[in-house]
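Before any comments, here is the structure.
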Amino acid sequence: MRNAPTILHLDMDAFFASVEQASKPSLRGKAVVVGGLGPRGVVATASYEARVFGVHSAMPMGQARRLAPHAAYLVPRFTLYRAISEQVMALLRELSPLVEPLSLDEAFVDLEAGGTAWDEASARRAGEMLRADIRAVTGLTGSVGLAASKMLAKIASEQAKPDGLFLIEPGTERALLGPMPVRTLPGVGPATGDHLRRAGITTVQELAEAGEDELVRLLGKAHGHALYAMALARDERPVVAEREAKSVSVEDTYDVDIHDRLRVGLEVQRLADRCVRRLREAGLSGRTIVLKVRRYDFSTLTRSETLRGPTDDPAVIGEAAARLLDSVDTTGGVRLLGVGVSGLADYTQEDLFAQAMPARAAQPPEEAVIEAVAERPEPAERHWRAGQDVRHAEYGPGWVQGSGLGRVTVRFETPLSKPGRVRTFLVDDAALEPADPLPLVPDAAPGEARAAAPVRDAAAAGGGGPDVVVPAGTEWAVDAGEVRGVGQDAAGGREGG
């Protein structure tokens with residue numbers, strides 16, 4: 001472990017929900033929940049205002065609605081999230097060539113490798129400039145942790161939330177970690193945490209005091225050794241710029257269980273085609289085809305088949321997935337299906353005779369296609385999803401607030417406008433069309449807003465919440481360094497943060 005806090009961990013604050021609040025002025029400072037809106041949807045991200053009611057990531061959407069019935073419930077807009085993530089990652093790469101993305105909204109940066117920081121003072125300056133640049137370029141906030149290791153930098157960013165910077169000075173790590181719960185350490189999930197609690201170990205200090213031999217006895221050799229090292233604040237993992245993908249996969253959860261075997265087969269083929277598209281977009285191929293099936297009783301089965309060589313051929317992958325499905329009993333219904341490819345390579349070995357039948361044989365019979373179309377007819381009316389970007393020929397840009405009974409309600413506002421008016425239309429109104437998302441901020445150079453985004457180092461301040469800068473014209477209130485909503489109601493329907 002190094003002697004200076006030159007490893008930075010950035011975690012954007014409630015990323016998906018923050019993007020939605022930034023793009024929709026009427027939702028700023030109010031409870032927003034982003035995720036799947038169907039009966040089996042789950043929460044992807046909840047704004048801090050929604051978390052007050054107990055809503056959190058990975059929670060079933062039905063439970064979230066019961067806890068926060070007046071929140072705005074929106075579908076994710078991943079195209080926009082990815083575009084903003086690319087802007088943030090570009091800022092990180094200006095600091096160092098060693099940037100390790102963990103997700104769209106989270107990454108490690110080795111500041112020392114980029115010559116950006118070499119001691120505590122320079123690391124703090126780099127973190128402050130990064131937060132200001134993120135605000136200038138995206139209009140969003142991120143929390144920054146600085147420490148001498150990846151584990152500690154991630155813990156520091158949690159301490160900095162929301163919208164803050166926390167630096168762990170070398171030599172103070174054990175004192176900081178000691179009173180924290182064991183769940184703070186990476187790799188300690190609910191099961192391990194309960195196991196340790198039954199052994200009388202609830203804090204990191206108690207974990208260290210238990211000793212390595214006791215932890216090996218309780219958790220096994222590998223986990224016990226690793227957990228003891230973390231309890232002593234030891235972490236030698238480097239920041240890795242390129243993380244090699246281990247697999248490419250897609251899956252769908254269905255609002256209603258699928259009972260028809262033909263429909264299940266067609267869904268598997270559709271997922272296989274989507275998986276192939278992702279493989280080809282990444283310039284990859286793979287040898288092992290994996291099928292995932294979650295049945296009506298929540299039991300999950302996985303089946304796999306390894307080919308003689310890597311491929312990205314849709315016929316080969318589709319046939320393999322179909323063969324795997326033949327070995328799965330779907331009686332009773334299927335609630336989730338997934339197709340994945342592992343054993344990845346950046347080349348393709350064309351050995352179709354050894355791997356599969358000709359492509360033509362992989363196509364379902366014509367009669368089956370006709371029957372499937374009859375089962376899933378095109379809807380008679382257009383469907384609008386809560387949060388979707390739209391544009392009206394007369395009223396301009398806006399977003400879908402809700403729809404039903406042949407009507408769609410739209411709020412007309414933009415990221416740079418005041419909260420807008422609400423109007424209702426027929427779902428098939430020819431003047432209303434889907435639209436692309438609008439930019440969250442005007443074009444600005446990264447350095448322009450640094451002076452307008454003061455940061456207080458939470459470690460140096462001796463506790464207390466990080467400073468928050470609220471853009472002029474928003475409907476937010478600031479109290480003791482925290483952003484809170486003027487009102488909690490909102491019209492409308494690993495992200496975390």
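Values below: all heavy atoms of this structure, side chains included; hydrogens, waters and symmetry mates excluded.
Ring geometry for His392 versus Tyr395: interplanar angle of 30 to 60°, hence tilted. Using bins of under 30°, 30° to 60° and over 60° for the plane-to-plane angle, the ring pair Phe108/His9 lands in the tilted bin.
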- Thr116/Val109 under side chain to side chain contact (heavy atoms under 4.5 Å, CB included): CA gap, chis, key distance, verdict: CA-CA 10 Å; Thr116 310; Val109 184; over 6 Å; no
- Can you list the steps and then say if Arg263 with Glu267 is a salt bridge (Lys or Arg N to Asp or Glu O under 4.0 Å)? CA-CA 6 Å; Arg263 166 81 187 282; Glu267 288 293 324; 3.2 Å; yes
- Message: Using the rule given for side chain to side chain contact (heavy atoms under 4.5 Å, CB included), can you reason through Val293 versus Leu337, listing the C-alpha separation, both sets of side-chain angles and the distance that settles it, and then say yes or no?
- Response: CA-CA 5 Å; Val293 179; Leu337 290 168; 3.8 Å; yes
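Judged by distance alone, with hydrogens and angles left aside, the side-chain atoms of Asp13 form a donor-acceptor pair with the main-chain N or O of Asp163 at under 3.5 Å. Proximity of a side-chain donor or acceptor of Glu413 to a complementary backbone N or O of Gly420 within less than 3.5 Å is detected. The main-chain N or O of Trp399 is never found under 3.5 Å from a side-chain atom of Arg411 such that the two would form a donor-acceptor pair. When atom types are taken as modelled, the side chain of Arg287 and the backbone of Thr306 share no donor-acceptor pair closer than 3.5 angstrom. Here the side chain of His195 pairs a donor or acceptor atom with the backbone of Leu218 at under 3.5 angstrom. With hydrogens and angles ignored, the 3.5 Å screen pairs no side-chain donor or acceptor of Ser249 with any backbone N or O of Gly340.
Taking 4.5 Å as the limit, some side-chain heavy atom of Leu279 sits within range of a side-chain heavy atom of Leu344. Using a 4.5 Å cut-off on side-chain heavy atoms (C-beta onward), Arg183 and Pro190 make contact. Residues Leu336 and Lys292 form a side-chain contact, since some pair of their non-hydrogen atoms from C-beta on lies under 4.5 Å apart. You'll find the side chain of Asp389 stays beyond 4.5 Å of the side chain of Leu80, heavy atoms only. Two residues are said to be in side-chain contact when any heavy atoms from C-beta on lie closer than 4.5 Å; Arg323 and Ile289 fail this criterion. Looking at heavy atoms from C-beta onward, Leu416 lies in side-chain contact with Pro442 at the 4.5 angstrom threshold.
Taking Arg274 as the reference, Asp252 meet the salt bridge (charged side-chain N to carboxylate O under 4.0 Å, His left out) condition, with sequence neighbours excluded. Every residue two or more places apart in sequence or in another chain was checked for a salt bridge (charged side-chain N to carboxylate O under 4.0 Å, His left out) with Arg295, and none qualifies. With sequence neighbours left out, the salt bridge (charged side-chain N to carboxylate O under 4.0 Å, His left out) criterion links Arg82 to no other residue.
With Gln21 as the fixed residue, the side-chain hydrogen bond (donor to acceptor under 3.5 Å, both in side chains) test singles out one of Glu49, Arg28, Lys30: Glu49.
Under a 4.0 Å N-O distance rule, the pair Glu100/Lys150 qualifies as a salt bridge. Taking a cutoff of 4.0 Å between a charged side-chain nitrogen and a carboxylate oxygen, Asp273 and Arg270 do not qualify as a salt bridge. For the pair Glu281 and Arg277, the salt-bridge criterion is not met [side-chain N within less than 4.0 Å of a carboxylate O].
For Arg303, the CZ atom sits in a packed shell: over 12 heavy atoms of surrounding residues, nucleotides or ligands are nearer than 6.0 Å.
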